[in-house]
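Presented below is the structure to which this report refers.
In this text, all values refer to a predicted model and were calculated from it rather than measured experimentally. Order of the sequence lines fixes the chain letters, A, B, ..., with proteins taken first and strands second; residue numbering starts at 1 for each chain.
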Protein chains: 2
Amino acid sequence: MAPDDEVLTRMTDLAGQEPAGTLASSVYDRLRGDILSGSLPPGEKLRTETLRARYQVGNSPIREALNRLSADGLVTREDQKGFRVAAASRADLEELVKTRCWLEAIALREAITNGDNDWEEELVLSFHRLSRVRRSSSEDHYTVNPEWERLHRAFHLALLSACGSRWLLQYCAQLNDQADRYRQLAIVVSYPRRNELDEHEAMMKAATGRNADEAISLLMAHYERTAGIIRESISEFAAS
Amino acid sequence: MAPDDEVLTRMTDLAGQEPAGTLASSVYDRLRGDILSGSLPPGEKLRTETLRARYQVGNSPIREALNRLSADGLVTREDQKGFRVAAASRADLEELVKTRCWLEAIALREAITNGDNDWEEELVLSFHRLSRVRRSSSEDHYTVNPEWERLHRAFHLALLSACGSRWLLQYCAQLNDQADRYRQLAIVVSYPRRNELDEHEAMMKAATGRNADEAISLLMAHYERTAGIIRESISEFAAS
DNA sequence: TGTCAATTAAATATCGAAATTATTTGATTG
DNA sequence: CAATCAAATAATTTCGATATTTAATTGACA
């Protein structure tokens with residue numbers, strides 16, 4: 001293989017477009033995407049046979065992906081009873097938001113305390129990139145823009161990335177996934193009219209300005225507002 | 001099923017005593033135990049063939065267990081390169097202890113705020129049970145007592161169980177596992193002479209007395225002391 | 001002697017079918 | 001008619017073998 005090809009492969013990898021070196025990882029990514037996007041609804045039974053047909057692979061990669069997802073909390077597993085998409089309920093949402101605020105408050109404070117120049121620059125960069133793409137792919141009706149979703153996630157992760165604990169960072173990312181799923185479930189119902197860009201900018205500026213209390217306060221409000229929108233747009237989620 | 005039964009099941013589940021209805025789950029439990037006990041040292045390569053011989057099962061259950069463990073952070077996985085026991089280092093230990101203190105401080109405060117009568121009684125009970133078994137199976141030289149380890153874990157989980165977030169509880173349990181592994185690695189070196197019972201009693205009393213600040217302070221000191229002992233007894237862990 | 005390429009060996013990842021376990025269906029009995 | 005048990009059916013879990021990929025070894029050439 002030519003060196004140029006290698007570099008190209010690497011680049012696309014980093015861009016998140018070329019998913020996986022192994023079938024199991026590829027299925028993991030696709031399944032994860034389908035759950036997060038709501039394409040596979042909460043409580044849905046995940047039969048081996050069905051998934052094999054859907055993703056055109058054998059038994060083992062499917063099973064491997066499901067096991068990984070169950071550890072992420074996106075899928076539930078019961079011995080001898082197989083797998084399901086994790087249930088979603090209003091109570092779970094409240095618990096999720098609460099936990100997320102607890103953990104991210106710590107992470108953000110630590111990041112602001114310990115973050116170095118690289119962290120600041122990465123944060124500014126993340127915001128800039130996010131500001132350059134529209135939330136919806138379409139102008140009139142809302143269509144999820146995968147690029148925005150990706151950059152949005154990257155921004156929030158960049159905020160916390162200097163917290164000094166890979167454990168905490170991983171947990172925040174996991175809760176982020178969960179919250180994203182609820183957001184997508186809500187989007188099906190209501191078009192989100194809200195200028196999140198200003199909120200993100202305010203957070204970015206408070207963080208780079210090393211104003212921890214202000215930044216945390218903004219972040220909490222941000223999540224509380226998001227949760228409010230989700231609450232309003234959905235009375236109850238299917239949980240079976 | 002009565003609510004009480006559900007809670008009880010949860011508790012014993014978290015204590016890790018169930019017999020495992022599937023081969024994969026059984027291997028998961030045994031492998032987890034072997035890693036936590038230090039029987040499989042940090043960085044150890046986990047070959048399919050070796051593990052098949054060790055646990056006398058086929059290919060699939062091994063892989064499944066490894067995938068679950070890698071999500072728990074006890075095993076690392078790299079596409080096309082297989083699995084290894086997670087590395088251990090002094091830096092990791094510090095990060096772990098730090099994170100644990102952050103998370104458990106929140107969890108304990110919430111538990112003390114929200115805990116009901118059942119929580120209090122479960123806590124008193126957990127302490128009582130812990131107080132009835134010796135830490136070492138043998139009198140003269142230290143021998144890990146699995147019963148004590150189990151009850152110790154159960155006590156700490158009971159402390160936090162009313163925190164109101166299954167997410168947070170799960171994360172604390174996970175960090176608990178990691179810390180336990182370091183404890184076992186340290187035990188190989190030095191006999192732990194320390195009256196932990198008094199510390200646990202003080203925590204229990206502060207918690208049931210709804211004195212959050214005191215309880216948190218005791219818990220943090222408890223972990224800091226444990227970390228200190230581990231630090232002293234080990235200069236550096238093998239990481240390859 | 002050192003480096004690189006080709007080959008061999010080893011290990012991982014994947015498949016398809018067999019064995020095990022849960023669920024449904026239907027018949028029999030109290 | 002409800003309830004229980006047994007057979008049939010469906011789904012999950014597991015095995016042994018095969019295909020792919022990575023690592024190690026060998027040998028040729030500079």
Check: With no hydrogens and no angle check, is any side-chain donor or acceptor of A/R30 less than 3.5 Å from a backbone partner on A/Y55?
Finding: yes

Margin query: Using a 3.5 Å distance criterion without hydrogens, assess whether the side chain of A/D34 forms a donor-acceptor pair with backbone atoms of A/S39.
Written below: no

Next item on the list: Would you indicate what B/T48 reaches in the nucleic acid, counting non-hydrogen atoms under 4.0 angstrom: base, sugar-phosphate, or nothing?
Entry: sugar-phosphate

Let me know the distance between [atom1] of [X] and [atom2] of [N], rounded to the nearest Å.
X     : N      : atom1 : atom2 : value
B/L66 : D/dT14 : CG    : P     : 14 Å
A/L23 : C/dT12 : CG    : C1'   : 13 Å
A/Y55 : C/dC15 : OH    : P     : 15 Å
A/Q56 : C/dC15 : CD    : P     : 11 Å
A/R52 : C/dT14 : CZ    : P     : 15 Å
B/E78 : D/dA23 : CD    : P     : 9 Å
B/N59 : C/dC15 : CG    : P     : 14 Å
B/I62 : C/dA13 : CD1   : P     : 14 Å

Notebook entry, point to check: How long is the gap from CG on A/D118 to CG on A/L125, to the nearest 0.5 Å?
Noted result: 11.5 Å

Checklist line | B/R47, nearest nucleotide to its side chain (from C/dC15, D/dT14, C/dA11) | finding: C/dA11

Item checked: pair B/L130-B/H152: side-chain heavy atoms closer than 4.5 Å -> yes

Is [X] close enough to [N] that one of its side-chain N or O atoms is under 4.0 Å from OP1 or OP2 there?
X     : N      : answer
B/T22 : C/dT21 : no
B/K81 : C/dA13 : no
A/K45 : C/dA22 : no

Next item on the list: Report the relative orientation of the aromatic rings in A/Y171 and A/W167; use parallel for angles under 30°, tilted for 30 to 60°, perpendicular for over 60°.
Entry: tilted

Item checked: Position toward the 5' end of DNA chain C (nearest nucleotide), B/R63 or A/Q80 -> B/R63

